Number of protein chains: 2
Amino acid sequence: MEKTLAKGLTLLETLARLGHPVGVTEAAKAVGLQKSNAHRLLRSLSELGYVRQIADTGRYELTLKLWEMGSRVIARLDIATEATPTMRKLAALTRETVHLSLLEGDDVVYVHKIDSPHPVRAYSAIGGRAPAHCVATGKALLAFQPPDAVDVSKVRKPFTDATITDPLDLRRELERIRKQGHAVNKGEWREGVFGVAAPILDASGRAVAAIGLSGPQDRFRPKAMKAWTPLVMAAARDLSRA
Amino acid sequence: MEKTLAKGLTLLETLARLGHPVGVTEAAKAVGLQKSNAHRLLRSLSELGYVRQIADTGRYELTLKLWEMGSRVIARLDIATEATPTMRKLAALTRETVHLSLLEGDDVVYVHKIDSPHPVRAYSAIGGRAPAHCVATGKALLAFQPPDAVDVSKVRKPFTDATITDPLDLRRELERIRKQGHAVNKGEWREGVFGVAAPILDASGRAVAAIGLSGPQDRFRPKAMKAWTPLVMAAARDLSRA
DNA sequence: GCCGGCCGTTCCACGATACGGAACAGCCAT
DNA sequence: ATGGCTGTTCCGTATCGTGGAACGGCCGGC
């Protein structure tokens with residue numbers, strides 16, 4: 001493993017995570033490096049265009065280069081922009097937060113969202129992650145993966161009392177999702193946060209993304225969920241042609 | 001300059017630019033590395049979570065990690081999401097492509113856009129760049145930078161016959177933009193592509209971003225521009241409070 | 001069915017390269 | 001003036017990355 005590369009990338013990650021300009025000393029401490037080492041890396045990153053030094057304070061901050069590269073990554077699967085109108089429609093009909101998620105390892109990554117107009121709503125960020133086995137979009141994605149792509153028997157971490165941890169339960173849940181065509185989450189990730197989601201399929205029937213609603217339990221009562229489910233499924237179907 | 005870091009990042013850039021999975025040999029050729037070197041870098045990047053190897057073909061592709069980091073970068077200046085409603089309104093009123101740009105060095109970077117519904121429209125990509133001195137949003141940004149932050153006398157490259165290259169002309173142009181509060185581009189970057197833009201200011205009067213319209217010359221006739229300019233300026237003013 | 005060429009992968013001795021402690025210069029508040 | 005902070009520079013040393021050559025598997029053409 002190339003040590004220098006690892007250090008440099010960790011430094012970039014740290015800068016991105018902190019989200020504000022940092023000095024050499026602070027950066028070194030945050031990443032666990034020698035001050036001179038951090039300094040050298042920052043200078044190199046600056047030369048490579050990933051980082052810039054603020055003239056008066058001497059601190060370093062990220063340029064937009066990382067973001068540009070990131071944009072290219074998603075442009076490839078330009079689902080995000082393509083899905084916007086459909087998501088917007090779904091948001092207007094339900095007045096709940098709409099998410100578009102991709103599967104990345106054992107997590108879902110939120111690639112796009114439209115926030116609910118309600119003042120009380122679950123927090124989430126574009127680019128954020130959640131364990132796939134305990135959110136609606138994640139379960140929808142897992143259920144429609146190619147056979148053997150999902151290791152059901154792997155041990156899953158619980159996050160609330162409702163989290164599915166038993167392999168057999170998960171297998172049954174995924175089967176039910178396949179049969180019904182949609183997934184439901186009743187506070188399995190965050191206490192009191194519910195959701196409904198459906199998979200977006202490619203021509204071969206594999207899920208490439210999932211679209212879903214989520215919000216506080218009091219607004220996700222059985223009656224509301226029943227009304228929304230066909231809307232979510234219709235939106236997913238709408239995006240599934242490709 | 002840390003060689004390993006530079007190589008690794010160049011490799012990531014290349015993967016992002018190509019936008020499709022690449023094999024070790026191909027990657028090595030594209031970046032100008034030894035095959036074994038490229039292989040080692042790809043393995044490390046994979047271990048660090050930036051890259052994944054596709055099981056059956058053996059090729060490597062980017063994960064979403066870069067994109068996640070990139071999202072954090074603009075989340076910081078979360079203008080993009082905040083500006084969406086205003087941009088949408090402007091797009092609806094004018095039926096032209098709306099851009100939101102930031103200044104990055106001598107370039108503008110498009111951080112958000114809403115495409116014109118017209119079939120004929122200028123091409124641009126989110127995350128894309130253009131030289132600041134010859135697009136409308138760029139000139140709006142330059143005009144409202146702190147004094148001495150812009151080196152007017154630096155030599156600028158021409159791209160069309162209309163590009164401003166004379167330092168004195170540029171200085172006058174920026175002064176006019178400051179006075180009028182908006183900038184205009186008449187094919188100074190791409191032949192036949194016009195635009196109008198206005199700066200988004202922070203409390204101190206510095207431009208942190210710019211919003212603008214752009215499209216083909218035939219739709220950007222004087223009369224239309226005159227009608228749109230106040231709309232663009234109103235949108236920019238709307239986003240300027242913070 | 002064999003063979004040639006391509007692929008991704010591994011190995012290892014050499015030598016360039018990154019490391020990190022210590023010292024420097026500038027700034028600010030005490 | 002002084003002490004403690006900052007970002008920065010230097011340099012000998014050992015570590016770490018390097019790249020050529022070789023391996024095994026896969027595929028397509030003869």
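Please read all numbers here as calculations on a predicted model, not as lab measurements. Hydrogens, waters and symmetry mates play no part in the numbers below; they use all other heavy atoms, side chains included. In what follows, every chain begins at residue 1, and chains take the letters A, B, ... in the order their sequences are listed.
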Next on the checklist: Can you tell me which nucleotide in C/dG20, C/dT17, D/dT8 comes closest to the side chain of A/Gln34?
Outcome noted: C/dG20

Checklist entry - Would you say C/dG8 has OP1 or OP2 under 4.0 Å from some side-chain N or O of B/His39? => result no

Item to check | Value in whole Å for how far the C1' atom of C/dT17 lies from CE of B/Met1 | outcome: 14 Å

Next on the checklist: Can you tell me which residue among A/His112, A/Met87, A/Lys113 is in a side chain to side chain contact (heavy atoms under 4.5 Å, CB included) with A/Val98?
Outcome noted: A/Met87

Checklist entry - Looking at C/dT10, C/dA18, C/dC7, which one has an atom nearest to any side-chain atom of B/Lys35? => result C/dC7

Item to check | Salt-bridge present (B/Glu188, B/Lys139; N to O < 4.0 Å) | outcome: yes

Next on the checklist: Quick one, B/Leu100 and B/Ile200 - any side-chain contact, counting heavy atoms below 4.5 Å?
Outcome noted: yes

Checklist outcome for this item: A/Asn37 atom CG is separated from C/dA18 atom C1', nearest whole Å, by 8 Å

Next on the checklist: Within the 4.0 Å heavy-atom criterion, would you say B/Arg59 contacts the bases, only the backbone, or no part of the nucleic acid?
Outcome noted: nothing

Next on the checklist: Please confirm whether the shortest side-chain N or O distance from B/Gln53 to OP1 or OP2 of C/dG8 is below 4.0 Å.
Outcome noted: no

Checklist entry - Within less than 4.0 Å of OP1 or OP2 of C/dA18, is there a side-chain N or O belonging to A/Lys7? => result no

Checklist entry - Quick one: does B/Ser36 reach the base of D/dG19 with a side-chain donor-acceptor pair under 3.5 Å? => result yes

Next on the checklist: Nearest whole Å is fine: how far is D/dC16 P from B/Leu41 CG?
Outcome noted: 16 Å

Checklist entry - Rounded to whole angstroms, how far apart are CZ on B/Arg52 and P on C/dG8? => result 17 Å

Checklist entry - Atom NZ of A/Lys29 to atom C1' of D/dG7: distance rounded to whole Å? => result 14 Å

Checklist entry - Should A/Leu15 and A/Leu42 count as side-chain neighbours, where that means a heavy-atom distance under 4.5 Å? => result yes

Item to check | side-chain N/O A/Arg40 vs C/dA18 OP1/OP2, d < 4.0 Å | outcome: no

Item to check | Length of the line joining A/Leu42:CG and C/dA18:C1', which is rounded to integer Å | outcome: 15 Å

Item to check | Residue closer to the 5' end of DNA chain D, A/Thr25 versus A/Leu5 (nearest nucleotide) | outcome: A/Thr25

Next on the checklist: For a salt bridge (Lys or Arg N to Asp or Glu O under 4.0 Å) check, start with the C-alpha distance between A/Glu13 and B/Lys65, then their side-chain angles and the critical distance, and finish with the verdict.
Outcome noted: CA-CA 10 Å; A/Glu13 284 176 44; B/Lys65 185 156 183 173; 3.3 Å; yes

Checklist entry - OP1 or OP2 of D/dT8 less than 4.0 angstrom from a side-chain nitrogen or oxygen of A/Tyr60, does that happen here? => result yes

Item to check | Of A/Arg43 and B/Thr4, the one whose closest DNA chain D nucleotide lies more 5' | outcome: A/Arg43

